[in-house]
Every structure is written in C-alpha cells, then in structure tokens.
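Heads up: the structure comes next, in structure tokens.
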Amino acid sequence: MFVRIDQVPNDVTEEEILDLFNHSPRVKHVIIKNELFNDDAVVWVRLNVESRAVINGIADYMNGKYLRSHKIRVSAPLFFNEPWVSD
C-alpha cells in the first residue's frame, strides 16, 4: 500500500524520506514527483503493509511532522493514481 506525502521541499532526496521512516524495512519504494508550478513535491512511499488500519495509523502518526522546516501532510488514499513501480 502507498502513502502520499505532500508539502515537502521540491529538492527532497530519497534519503531524507527514508530518514522519516527510520529506514524501516517496510519501505519498498520511494517515488518523488516534482511539481512544475509549485515549490513543493509529492512523494509516494510504497510500504509492505497489507492492512488498511495499519497504513492509516502510519499516515496519522507521520502527518504533521517536519522535514526541513516544512510541515508535511501524509495520507493513505483509498483511491488514487500512483506512479507504477514494478516489484
């Protein structure tokens, strides 16, 4: 399942995202989508989680944390168009 992270700096690195997750082995992929007309990026993180309750809990726990003085917004969308990544 995926979580979506909004309001991160446009030059965020994968390493910074992994740091947010404490380099958890549950993180399978990090996809950073830079926004053309915005100073923020959208980050998709694929986690090895099969439970909707667990992924919602992770999103709720991380929502409102700070990344380089940016207060991030984390959600676990039910329906979304995420970037395709093969396993």
Side-chain angles (χ1 to χ4, degrees):
M1 295 185 151
F2 284 87
V3 293
R4 177 184 166 132
I5 307 173
D6 292 294
Q7 300 176 342
V8 296
N10 221 358
D11 61 344
V12 69
T13 65
E14 184 174 340
E15 185 65 27
E16 288 174 302
I17 299 300
L18 291 173
D19 285 345
L20 280 175
F21 287 88
N22 295 320
H23 291 270
S24 170
R26 285 188 170 190
V27 175
K28 293 180 76 174
H29 301 290
V30 175
I31 302 134
I32 300 168
K33 304 289 278 182
N34 293 0
E35 298 290 314
L36 279 177
F37 302 108
N38 197 339
D39 292 336
D40 297 334
V42 174
V43 178
W44 292 95
V45 180
R46 184 171 185 186
L47 299 167
N48 189 15
V49 173
E50 298 299 324
S51 165
R52 171 59 48 194
V54 171
I55 201 77
N56 285 340
I58 291 169
D60 288 345
Y61 173 75
M62 297 193 67
N63 194 37
K65 288 189 180 258
Y66 285 86
L67 177 65
R68 282 199 259 144
S69 75
H70 288 247
K71 188 175 182 180
I72 62 173
R73 192 174 69 219
V74 183
S75 60
L78 197 53
F79 301 102
F80 56 91
N81 293 323
E82 50 39 65
W84 177 257
V85 175
S86 60
D87 288 329

What are the two closest non-hydrogen atoms of Val12 and Ile32, and how far apart are they?
O-CD1, 3.6 Å

Pairwise distance CD(Gln7) to CZ(Arg73) - rounded to 0.5 angstrom:
4.5 Å

Show, in sequence, the C-alpha distance, side-chain angles and deciding distance for Val54 and Arg26, and conclude whether the side-chain contact (heavy atoms from CB on, under 4.5 Å) test is met.
CA-CA 12 Å; Val54 171; Arg26 285 188 170 190; 3.5 Å; yes

Any side-chain heavy atom of Phe21 sitting closer than 4.5 Å to one from Leu47?
yes

For the student: nearest non-hydrogen atoms of Pro9 and His70, plus distance
CG-CD2, 3.6 Å

Between Ala76 and Ala59 the two heavy atoms that sit nearest each other are N-CB, 3.9 Å

Look up atom OG in Ser24 and atom CG in Leu18, then write down how far apart they are to the nearest 0.5 Å.
9.5 Å

Would you check if Val27 and Arg46 make a side-chain contact, meaning some heavy-atom pair closer than 4.5 Å?
no

Of the non-hydrogen atoms in Leu20 and Tyr66, which two are nearest, and what is the gap between them?
CD2-O, 4.3 Å

Using 4.0 Å as the upper bound for N to carboxylate O, is an ion pair formed by Asp40 and Lys33?
no

Taking the side chain as every heavy atom from C-beta outward, state whether Arg68 and Glu16 have any pair of such atoms under 4.5 Å apart.
yes

I'd like to check His29 versus Trp44 (side-chain heavy atoms, cut-off strictly below 4.5 Å). Are they in contact?
no

Gap separating the CD1 atom of Ile72 from the CD1 atom of Ile17, nearest 0.5 angstrom:
7.0 Å

Check Ile55 against Arg52 and note the closest heavy-atom contact, atom names and distance.
CG2-O, 3.2 Å

How long is the gap from CE on Met1 to NZ on Lys28, to the nearest 0.5 Å?
12.5 Å

Side chains of Phe2 and Val49, heavy atoms from C-beta outward: is any pair under 4.5 Å?
no

Do the side chains of Val3 and Ser75 get nearer than 4.5 Å, heavy atoms only?
no

What distance separates Asn63 CG from Ile58 CD1, expressed to the nearest 0.5 Å?
13.5 Å

With no hydrogens and no angle check, is any side-chain donor or acceptor of Ser51 less than 3.5 Å from a backbone partner on Ala53?
yes

Qualifying residues under side-chain hydrogen bond (donor to acceptor under 3.5 Å, both in side chains), relative to Asp39, sequence neighbours excluded
none

For the CZ atom of Arg4 and the CD1 atom of Ile31, what is their distance to the nearest 0.5 Å?
12.0 Å

Indicate yes or no: at least one non-hydrogen side-chain atom of Ile5 is less than 4.5 angstrom from one of Val42.
no

Heavy-atom distance under 4.5 Å between the side chains of Asp19 and Glu14, does that happen here?
no

Partners of Glu15 by side-chain hydrogen bond (donor to acceptor under 3.5 Å, both in side chains), sequence neighbours excluded?
His23

